[in-house]
Amino acid sequence: MRRSRAYYRWHRFRVIRRKVNFLKRRDGSAEVEWRTDGQYGRFSKRKIHCSCWMCRRKFYDELSHTDLKKLASARQQMLLLGERT
């Protein structure tokens with residue numbers, strides 16, 4: 001299937017809008033304007049995050065859903081055992 005120019009423009013605009021909104025929530029509108037000089041097209045291809053410990057969030061930084069369920073189950077069992085004695 002051949003895609004039209006409008007399709008590619010729409011996706012480019014969608015990606016730019018998502019990145020700009022993220023930066024506005026994180027840093028504020030003035031910071032975004034300072035970074036881009038009003039040219040939001042700069043966000044079409046580059047990353048907007050850094051890899052410092054404050055910005056990054058990896059899958060291994062938190063417990064998985066399965067581990068959280070196991071912990072909740074263990075806590076529940078400990079509470080039940082405490083009530084029986």
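- In this structure, the separation between NZ on K19 and NZ on K24 is 15.5 Å, given to the nearest 0.5 Å.
- In terms of heavy-atom proximity, S44 sits nearest to R12 at CB-NE, 3.6 Å.
- In this structure, V20 is a member of the same hydrophobic cluster as F22, with clusters built from ILVMFWY side-chain heavy atoms closer than 4.5 Å.
- Here the closest heavy-atom approach between residue L23 and residue F43 is recorded as CD1-CZ, 3.4 Å.
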Item to complete: Mind running side-chain contact (heavy atoms from CB on, under 4.5 Å) on Y8 and R5 for me, showing each step along the way?
Response: CA-CA 5 Å; Y8 288 111; R5 276 190 218 164; 5.8 Å; no

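- Between Y40 and I16, the closest heavy-atom pair is O-CG2, 3.3 Å.
- The aromatic rings of H11 and Y7 stand perpendicular to each other, their planes meeting at an angle above 60°, with 30° marking the opposite boundary.
- Side-chain contact between L79 and R75 is absent, with no heavy-atom pair separated by less than 4.5 Å.
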